[in-house]
Participant: 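What follows is a structure written as structure tokens; I'll ask about it next.
A, B, ... follow the sequence lines: proteins, then strands. Residue 1 opens every chain.
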Amino acid sequence: MLRSGLNLCNNRGIFEIETHFDKIIQSCNNLSSLTQIHSILTTTGIIKHSVHLTARFIIKYSDFFQLQTARFVFNATDHESSSFLWNTMLRAYTNTGFYSDALSFYSLMRKTGVRPNNFTFPFTLKSCAVSLMLSYGKMIHSEIVRTGFGSDIYVDAALVDMYAGCGVIDDARKVFDKMSKRDLVCWTAMITAYEQAERGETALCLLRKMQRDGFCMDWVTIVTVASAVGQLGDAQNSRAVHAYAIRNALFNELPVVNSVLAMYAKCGEVEIAETIFDHTKQRNVITWNTMLTCYTQNGLASEALDLFERMKVSDTDFNEVTALILVSACSYLGSRQHATKIHDFIVQNNVDINLTLWNAIMDMYAKCADLETALRMFKEIPVNRLDVSSWNTLISGYGMHGYGKEALQVYNKMKDENFQPNHITFTSVLSACSHSGLVNEGKKCFSEMEIFSVPKEPKHYACMVDMYGRAGLLNEAYELIKDMKSHANDEVWGALLLACKIHGNTSLAELAADNLFHLEPQHTGYYVLMSNIYADSRNWQEVGKLRGDMKNKGLRKPAAVSLIEYNNELHGFRTGEQLDSLTRDVYEKVEKMVVELKMEGYVPDVSCVFHDVEDEDKHGMLKYHGEKLALAFGLMNIDASLPIFINKNLRVCSDCHSVFKFVSGVYGRKIVVRDVNRFHHFEDGLCSCNDYW
DNA sequence: ATAGGGTTAG
């Protein structure tokens with residue numbers, strides 16, 4: 001092929017030669033053949049006369065990530081005359097992700113005196129958008145206006161994207177509004193901008209405007225719209241988007257399927273997502289990842305891990321996103337065995353562990369009660385490579401295990417190292433202080449938020465209310481909420497309600513509950529909590545009323561499950577579970593345990609039983625709380641020298657908490673319990689939470 | 001001969 005090409009040189013025109021070699025260069029699938037052809041065309045002098053082939057080499061070298069060679073080819077040309085080769089080189093830098101090189105190359109182009117054209121700007125703007133170079137982008141914007149390319153539809157779409165990418169969406173909108181002509185791509189770019197800025201409502205609003213202007217969604221538009229609807233968690237609109245995609249034959253595009261899948265996942269429609277997933281014959285990594293996420297986000301972490309087993313035997317390769325999802329599933333499960341299994345798997349399969357994934361793995365170990373490993377991983381990162389998330393992970397890790405002082409030390413160290421704390425840092429520090437009863441320290445951190453100009457969000461107030469509440473400072477807590485005026489959300493009132501439960505303040509609790517039932521009428525937890533407060537004060541009438549309310553609204557108390565690991569498997573125990581041959585021993589063990597503990601001074605605390613039944617029955621129900629069954633199972637099966645790990649999906653009740661303390665003292669066992677809020681480390685008859693939880 | 005909007009995770 002090559003030889004015949006050379007022969008052509010002798011008797012054919014330059015155009016035919018170009019087309020011929022163009023085909024050869026394009027079909028190169030490895031670097032060495034490309035280099036070979038390059039050297040032949042250089043020595044024969046053909047390349048010198050062909051701008052076209054030069055451009056082709058630049059692009060082809062960049063396809064193999066040989067940017068230096070590409071630049072070398074560029075430099076060897078007489079490039080000062082036209083913009084074309086400059087544009088080509090810009091394209092090479094941009095498409096391979098060398099954004100800062102693209103921008104400095106553009107600067108060089110201007111310095112050399114070459115005029116940019118309408119093809120130049122989309123590349124440079126893309127580089128600005130991705131590397132968040134807003135000031136540079138603005139400079140280019142003024143050059144666009146100066147050079148008279150401000151009305152080019154491609155250039156304007158790229159400008160919209162640049163401003164949106166840099167987070168200044170209103171500037172993006174200004175460009176969009178000024179356009180004299182818009183096509184579908186421009187509309188989609190602007191809709192996407194709102195979606196990325198988490199302004200789903202505005203995105204949908206603009207979509208309707210677009211449709212009134214006579215444009216129909218294509219598959220790219222629908223992908224973006226599905227994201228917006230998913231963000232809003234709008235189940236009604238989800239079906240409409242899905243139906244539109246099917247009606248217009250867009251559901252054949254895999255990205256559409258994937259984004260619709262993600263949309264349903266975010267709306268909590270697990271079954272619909274499963275159906276779509278099952279009917280999708282050609283899945284890619286994103287399809288699998290989306291389904292894994294669907295399970296994880298909807299609290300079905302075990303299903304996610306099961307699905308991963310199916311993914312492994314399918315012919316899909318997984319990537320670092322898959323790893324991240326699995327790690328978060330393990331964090332949710334709190335299972336040490338699964339955590340190490342997934343970590344090993346990631347290492348064995350050479351998944352690229354970037355800092356984000358590393359931080360996520362640290363967090364996973366912390367949430368699986370293995371703080372030592374989390375700490376070791378933190379220390380393995382050189383200080384200059386740490387990011388804010390690494391610090392946040394360590395702070396929250398200490399916090400959830402009740403090490404408030406250590407969390408504060410890390411926070412101070414972080415400041416010493418000149419890291420800027422962010423909103424997550426403060427959530428972690430404040431909740432750490434709260435869990436350890438460090439009120440003064442917490443107040444100090446709360447006031448430091450202004451120094452670092454981190455806005456105070458409801459979640460930060462919720463931590464403060466929680467902190468005051470646990471310390472018995474209910475008035476301070478309530479005053480803080482009043483300061484928030486209408487900004488108080490359910491998290492804040494929920495924290496107050498919990499404090500009222502701990503300190504038995506029914507009247508303030510009623511006030512909090514009023515607000516909560518108004519803000520979140522479907523949230524079962526608040527009804528249960530208020531009902532328990534009434535039960536504490538033996539106000540069975542109000543308990544009955546609340547239960548009636550819940551029934552009328554179709555709300556049910558979520559089933560409590562306590563998980564315990566044994567023999568590389570998770571065993572789940574539910575309260576009052578049916579007796580079967582497997583659990584009979586466990587029930588007997590509970591009976592025996594309660595008798596023994598009573599001799600040591602344990603008195604059952606019946607106050608936390610939700611149901612209004614006779615006291616004798618209550619003792620019965622109480623004995624068979626899932627966490628007690630799990631504990632008995634652990635005492636029977638797990639070697640006495642090892643700690644017992646239990647993970648509960650709800651808050652531990654006070655009676656179980658007391659039993660766990662007694663067991664740790666009387667039988668000399670170490671017990672670690674994770675509930676929805678934090679970890680409890682039981683040892684020598686005491687708990688690390690100091691009975692505040 | 002060159003260009004603009006895109007799905008998963010955080």
Participant: Could you state the CG-P distance from A/Asn289 to B/dG10, rounded to the nearest angstrom?
Facilitator: 11 Å

Participant: Compare side-chain N and O positions of A/Lys266 against OP1 and OP2 of B/dT8 and report whether any pair is under 4.0 Å apart.
Facilitator: yes

Participant: Of the nucleotides B/dA9, B/dT2, B/dA3, which has the atom closest to the A/Pro122 side chain?
Facilitator: B/dA3

Participant: Choose from B/dT2, B/dG4, B/dA9 the nucleotide whose nearest atom is closest to any side-chain atom of A/Ala157.
Facilitator: B/dG4

Participant: Among B/dT7, B/dT2, B/dG4, which nucleotide has an atom closest to any side-chain atom of A/Ala158?
Facilitator: B/dG4

Participant: What is the distance, rounded to the nearest whole Å, between atom CZ of A/Phe277 and atom C1' of B/dT8?
Facilitator: 12 Å

Participant: Measure from the side chain of A/Thr188, starting at C-beta and using heavy atoms only, and say which of B/dT7, B/dT2, B/dG5 lies closest.
Facilitator: B/dG5

Participant: Ignoring backbone atoms, test whether A/Gln297 places a side-chain nitrogen or oxygen under 4.0 Å from the OP1 or OP2 oxygen of B/dT8.
Facilitator: no

Participant: Using only modelled atom types and a 3.5 angstrom limit, is any donor from either the side chain of A/Thr224 or the base of B/dG5 paired with an acceptor on the other?
Facilitator: no

Participant: According to the 5.5 Å centroid and 30° plane-angle thresholds, does A/Phe119 stack upon the nucleobase of B/dA3?
Facilitator: no

Participant: Quiz question: going by heavy-atom distance under 3.5 Å, is there a donor-acceptor pair between the base of B/dG10 and the side chain of A/Asn359?
Facilitator: no

Participant: If you compare every side-chain N and O of A/Gln196 against the phosphate oxygens of B/dT7 (OP1, OP2), does one of them come in below 4.0 Å?
Facilitator: yes

Participant: Under 4.0 Å between a side-chain N/O of A/Arg91 and OP1 or OP2 of B/dA3, yes or no?
Facilitator: yes

Participant: Taking the side chain of A/Pro255 as heavy atoms from C-beta outward, which of B/dA9, B/dT7, B/dT2 is closest to it?
Facilitator: B/dT7

Participant: Among A/Thr356, A/Asp363, A/Asn359, find the one that has a side chain to side chain donor-acceptor pair (under 3.5 Å) with A/Ser390.
Facilitator: A/Asn359

Participant: Of the nucleotides B/dT7, B/dA3, B/dA9, which has the atom closest to the A/Ser259 side chain?
Facilitator: B/dT7

Participant: Using only heavy-atom distances, decide whether a donor-acceptor pair under 3.5 angstrom links the side-chain of A/Asp152 to the base of B/dG4.
Facilitator: no

